[in-house]
Amino acid sequence: RYYDKGYWTNDTIADVWNRQAESFASDLYVQDDQGTSLTYEECDDIAARLASWLISVGIGPGDVVTFQLPTWAEFCPIYLAIARVGGVMHPLARNYSTEDIVYVMNTVGSRAFICPSTHKTSDLEQQAEDALPRVRTLSRDRILIKRPSNRNFTTYSRVVESYNPLPYDTCGVTSDDVACILSTSGTTGKPKQVLLTHNNILFSERAFVDGLGVTRGDIMYMPSPLNHATGFFHGLISPMILGASTVLQQDFDAKQAIK
């Protein structure tokens, strides 16, 4: 009945993105406070190159790709690359320890992992190295490091520079397939892994922008972590479905936000 009422459609997140990237190619999609800004066209190009790498290491429809990033613009081409190959997005909190990563990746059967080499005082690349032998579905060639790697992992920059963009294709994925897995907070126990379909996410964000009267001319400001529904879906998906822009702040600072 959700289809009959028009709540759900046949579009996947990748379908919607493909149309928006063509329609608003030169418009800003995302900007962060670390100095990175990407237009729809630039984001699409990077995502298509990352998608080629995912395909080359055997990632395809239904495969879970886990990624642990701060509130950075690079989150966008990563989530879009996963959507482009029909994979399942699985973003993690930036403060997850090795034990946390191992637990959730084994729970969902992650087949690839993407993270920065470091963030603040955390050596995330070392965490990836330590987690690797303990995650049964992961292999070394399916780990991607943002920024230079000290442990001979494939790097984000090398993929963007050396891989050709993967042409857009529906991959046989439907709007009722799982698009994303979000972890609960784990306040009363181990974090639960919540499955969300393309229709779940897209309908929620259409209702969000309609309810608030948000338009393409509005700019979304988002300081929330992108592994949460607020940061990811409200912060990145809702502007995307409008062809609008979003501004990310890694750590909330009220004075900087006003500027």
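Note that the structure is predicted; figures quoted are calculated from it, not measured.
Side-chain contact check for D141 and S139: at least one donor-acceptor pair (N or O, by modelled atom type) lies under 3.5 Å. When only modelled atom types and interatomic distance are considered, T155 and R158 share no side-chain donor-acceptor pair under 3.5 Å. Residues D130 and Q126 bring a donor and an acceptor atom of their side chains to less than 3.5 Å of each other. No side-chain donor from either of S245 and Q31 sits under 3.5 Å from a side-chain acceptor of the other.
Around atom OH of Y3, more than 12 heavy atoms belonging to other residues, nucleotides or ligands sit under 6.0 Å away. Heavy-atom contacts from other residues, nucleotides or ligands closer than 6.0 Å to CD of Q250 number more than 12.
Taking the side chain as every heavy atom from C-beta outward, Y168 and D44 never approach each other to under 4.5 Å. No side-chain heavy atom of T71 sits under 4.5 Å from any side-chain heavy atom of D32. When side chains are defined from C-beta on, Q193 counts as touching H90, because their heavy atoms get closer than 4.5 Å. The shortest side-chain heavy-atom distance between L138 and I143 falls under the 4.5 Å cut-off. With contacts defined as side-chain heavy-atom distances shorter than 4.5 Å, the pair S26/T39 does not qualify. You'll find the side chain of L69 stays beyond 4.5 Å of the side chain of K146, heavy atoms only. With contacts defined as side-chain heavy-atom distances shorter than 4.5 Å, the pair I82/F67 qualifies. L50 has its side chain within reach of Y156: a pair of non-hydrogen atoms, C-beta onward, lies under 4.5 Å apart.
The CG atom of D45 sits 12.5 Å away from atom CG of L80, with the distance rounded to the nearest 0.5 Å. Considering CG of D15 and CZ of R19, their distance stands at 6.5 Å, rounded to 0.5 Å. Interatomic distance, C76 SG to Y40 OH, rounded to the nearest 0.5 Å: 9.5 Å. Here I145 contributes atom CD1 and R151 contributes atom CZ; the two are 8.5 Å apart, rounded to the nearest 0.5 Å. The CD atom of E42 lies 9.0 Å from the CG atom of L28; values are rounded to the nearest 0.5 Å. Annotation: the span from E125 atom CD to N150 atom CG amounts to 5.0 Å, rounded to 0.5 Å.
In terms of heavy-atom proximity, D11 sits nearest to S175 at O-CB, 3.2 Å. Across every non-hydrogen atom of A51 and R84, the tightest pair is CB-CD, 3.7 Å. In this structure, G62 and V88 approach most closely via the heavy-atom pair O-CG2, 3.9 Å. Minimum heavy-atom separation, I181 to P91: O-CD, 3.6 Å. The heavy-atom pair separating M105 from V135 by the smallest distance is CB-CG1, 4.0 Å. Heavy-atom minimum distance, T98 versus R134: CG2-NH1, 4.2 Å.
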(message) Apply side chain to side chain contact (heavy atoms under 4.5 Å, CB included) to residues Q256 and D33 and explain how you reach the verdict.
(response) CA-CA 9 Å; Q256 189 63 33; D33 60 354; 5.6 Å; no
(message) Run the side chain to side chain contact (heavy atoms under 4.5 Å, CB included) test on Y2 and N199 for me, step by step, so that the C-alpha distance in whole Å, both residues' side-chain angles and the decisive distance to 0.1 Å come before the verdict.
(response) CA-CA 10 Å; Y2 296 138; N199 269 323; over 6 Å; no
(message) Between W17 and C43, does the side chain to side chain contact (heavy atoms under 4.5 Å, CB included) criterion hold? Intermediate values first, please.
(response) CA-CA 10 Å; W17 169 261; C43 194; 4.0 Å; yes
(message) With side chain to side chain contact (heavy atoms under 4.5 Å, CB included) as the criterion, how do W8 and D176 come out once you've worked through the C-alpha distance, each side chain's angles and the decisive distance to 0.1 Å?
(response) CA-CA 9 Å; W8 288 359; D176 292 321; 3.9 Å; yes
Below 3.5 Å, can you tabulate the donor-acceptor pairs from side chains in residues 224-242 to any protein atom, sequence neighbours excluded?
unit_1	atom_1	unit_2	atom_2	d
H234	ND1	E205	OE1	2.8
H234	ND1	E205	OE2	3.2
S238	OG	H234	O	2.5

Donor-acceptor pairs under 3.5 angstrom involving side-chain atoms of residues 112-122: please list them, not counting sequence neighbours.
unit_1	atom_1	unit_2	atom_2	d
K120	NZ	D251	OD1	3.0
K120	NZ	D251	OD2	2.9

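V108 and I101 are members of different hydrophobic clusters when ILVMFWY side chains are connected at heavy-atom separations under 4.5 Å. Residues L202 and V173 are members of separate hydrophobic clusters, defined by side-chain heavy-atom contacts under 4.5 angstrom among Ile, Leu, Val, Met, Phe, Trp and Tyr. In the hydrophobic clustering of ILVMFWY residues, with side-chain heavy atoms under 4.5 Å counting as a link, I55 and V64 come out apart. Residue I46 is grouped with residue W53 when hydrophobic side chains (ILVMFWY) are merged at heavy-atom distances under 4.5 angstrom, including chains of intermediate members. Cluster annotation: L38 and Y163 are assigned to the same hydrophobic cluster (Ile/Leu/Val/Met/Phe/Trp/Tyr, side-chain heavy-atom contacts under 4.5 Å, transitive).
Listed for the S52 side chain is a donor-acceptor partner under 3.5 Å among the backbone atoms of L166.
Side-chain contacts under 4.5 Å among hydrophobic residues (ILVMFWY), followed directly or transitively, place I219 together with V247.
The side chain to side chain donor-acceptor pair (under 3.5 Å) test applied to Y221 returns Q249, not counting sequence neighbours. The side chain to side chain contact (heavy atoms under 4.5 Å, CB included) test applied to K5 returns Y7, not counting sequence neighbours.
Salt-bridge annotation for R140 and E129: present, with a side-chain N of the basic residue lying under 4.0 Å from a carboxylate O of the acidic one.
Among residues at least two apart or in separate chains, side chain to side chain donor-acceptor pair (under 3.5 Å) pairs with a member in residues 101-111 are D63-R111, T66-S110, N106-R136.
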